[in-house]
Amino acid sequence: MQTIDRAMQVMKVLADSDTKKWFSITDLSKDCDLPISTMHRLLQSMMKHGLIQQDHKLKLYSLGYTWLEYGLQMYDSFDFVGLIRPEMENLMHEVEESVYFSKPIGLEALVVERIDCPHNPIRIYDQLGIKIPMNIGAANKVMLAHMNKEEALKIIDVLVPKEKIASFLELLDTIHHNGYGESHGERTKGTSSVAAPIFNHSNELIGALSIGYVNFNQIDGKQQLLIEKILEASLRISTKLGSKRKLHKVHKHN
């Protein structure tokens with residue numbers, strides 16, 4: 001178990017840096033608080049399994065391709081290639097904004113897929129694989145609002161301050177009633193998103209579809225269009241996955 005913990009420690013260091021992709025054994029030893037001799041043995045073992053790779057000239061280490069192989073296998077198991085991704089592409093063309101698919105994983109949600117609009121020069125850029133706390137953003141709140149209540153309450157109890165839980169639950173009730181969620185400037189000032197839940201054949205929540213957009217780039221009536229389109233697309237995907245849920249009626253904003 002100790003070896004697995006240490007290996008995951010190394011993976012976290014290699015994966016968490018946005019600017020640095022290659023690390024020396026000295027860097028890794030320092031960041032993981034392990035002796036260089038121990039780190040050397042660990043890196044050699046991880047390389048055998050393709051978990052990391054080495055630039056032999058520079059003696060630097062980076063993530064290996066085994067993670068990509070397993071990730072693509074999981075990607076395909078989510079019915080992305082045949083069902084979800086084509087609908088995301090259609091939605092992107094309809095609204096000309098970036099479209100995302102997120103999945104809940106414990107206290108966080110993972111951005112699994114992103115389709116950017118090639119005709120829109122101004123876009124929000126959330127990296128694939130980024131993890132976002134479940135109480136932040138339209139996609140995550142819409143998942144909390146539609147998942148098992150007991151599971152949702154456990155997450156909320158950890159992430160939301162006690163004095164704000166009552167108002168947060170009221171917000172989730174509204175999101176559940178409307179069938180979609182909205183977020184404005186929560187993570188990045190001047191940006192917004194709308195999201196709707198995705199369900200499988202057992203009507204279990206499997207994730208959320210969302211549209212991210214820049215506020216000042218919107219024309220009158222665009223937000224209402226985005227809400228309508230996200231609801232329609234989420235329903236189509238859920239239906240393809242076997243869900244029997246019906247489309248929520250959209251209430252017009254005054």
Side-chain angles (χ1 to χ4, degrees), residues 15-16 18-19 68 71-72 74-76 78-105 108-146 175 178-199 205-238 240-241 247-248 250 253:
D16 279 358
D18 292 330
T19 56
L68 177 61
L72 289 173
M74 182 173 286
Y75 176 96
D76 194 31
F78 289 154
D79 291 320
F80 272 106
V81 177
L83 299 176
I84 297 178
R85 200 174 197 281
E87 289 292 349
M88 292 180 67
E89 290 177 343
N90 290 338
L91 178 60
M92 178 274 292
H93 287 298
E94 287 182 327
V95 300
E96 296 190 334
E97 301 287 357
S98 295
V99 177
Y100 302 84
F101 184 81
S102 305
K103 287 187 68 66
I105 302 177
E108 299 170 312
L110 184 71
V111 177
V112 179
E113 180 61 294
R114 182 191 74 241
I115 308 290
D116 291 322
C117 177
H119 311 301
N120 190 343
I122 305 174
R123 65 182 65 154
I124 302 172
Y125 185 76
D126 281 331
Q127 287 184 319
L128 293 182
I130 189 173
K131 292 180 180 179
I132 304 170
M134 283 292 289
N135 62 318
I136 297 175
N140 295 359
K141 289 175 184 174
V142 89
M143 287 190 285
L144 278 176
H146 289 85
I175 291 173
N178 292 337
Y180 68 90
E182 298 179 69
S183 175
H184 304 285
E186 276 193 271
R187 295 186 62 235
T188 306
K189 187 177 180 181
T191 65
S192 295
S193 62
V194 295
I198 302 296
F199 300 92
L205 177 86
I206 64 166
L209 190 68
S210 61
I211 302 170
Y213 60 98
V214 180
N215 293 339
F216 68 81
N217 197 34
Q218 298 306 305
I219 59 175
D220 290 343
K222 181 68 179 286
Q223 184 178 349
Q224 189 68 28
L225 173 67
L226 296 180
I227 293 171
E228 293 173 0
K229 292 300 181 180
I230 199 73
L231 284 170
E232 291 171 0
S234 65
L235 177 65
R236 285 197 302 270
I237 293 173
S238 295
K240 283 186 174 183
L241 294 174
L247 180 66
H248 280 72
V250 180
H253 290 281

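Since we're looking at a predicted model, the values are computed, not measured. This chain uses plain numbering: 1 for the first residue, then up along the sequence. Quick note: numbers below take in every heavy atom, side chains included, and nothing from hydrogens, waters or symmetry partners.
A search for side chain to side chain donor-acceptor pair (under 3.5 Å) contacts involving Glu89 returns Arg85, not counting sequence neighbours. For Ala139, the side-chain contact (heavy atoms from CB on, under 4.5 Å) partners are Ser102, Ala195, Ala208, Ser210, not counting sequence neighbours. Residues passing the side-chain contact (heavy atoms from CB on, under 4.5 Å) test with Glu87 are Asn90, Arg236, Ile237, Lys240, sequence neighbours excluded. A search for side-chain contact (heavy atoms from CB on, under 4.5 Å) contacts involving Ile136 returns Ile132, Pro133, Glu186, Arg187, not counting sequence neighbours. Under the side-chain contact (heavy atoms from CB on, under 4.5 Å) criterion, His184 pairs with Glu182, Ser192, Tyr213, Gln223, sequence neighbours left out.
Distance check: Ile115 CD1 to Met88 CE gives 5.0 Å after rounding to the nearest 0.5 Å. Separating the OH atom in Tyr180 from the OG atom in Ser193 is a distance of 12.5 Å, to the nearest 0.5 Å. Note: Glu228 CD to Glu94 CD = 11.0 Å, rounded to the nearest 0.5 Å. The distance from atom CE of Met92 to atom SG of Cys117, rounded to the nearest 0.5 Å, is 5.5 Å.
Side-chain contact between Leu231 and Leu235: absent, with no pair of heavy atoms (C-beta onward) separated by less than 4.5 Å. The side-chain heavy atoms of Ile206 and Lys103, taken from C-beta on, include a pair separated by under 4.5 Å.
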I would like to know whether Leu205 and Met143 meet side-chain contact (heavy atoms from CB on, under 4.5 Å); could you show each step before the answer?
CA-CA 7 Å; Leu205 177 86; Met143 287 190 285; 3.7 Å; yes
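In terms of heavy atoms, Asn140 sits closest to Ala109 at OD1-CB, 3.1 Å. Considering all non-hydrogen atoms of both residues, Val142 and Gly181 come closest at CG2-N, 3.8 Å.
Salt bridge absent: Glu97 and Lys229 never bring a charged side-chain N and a carboxylate O closer than 4.0 Å.
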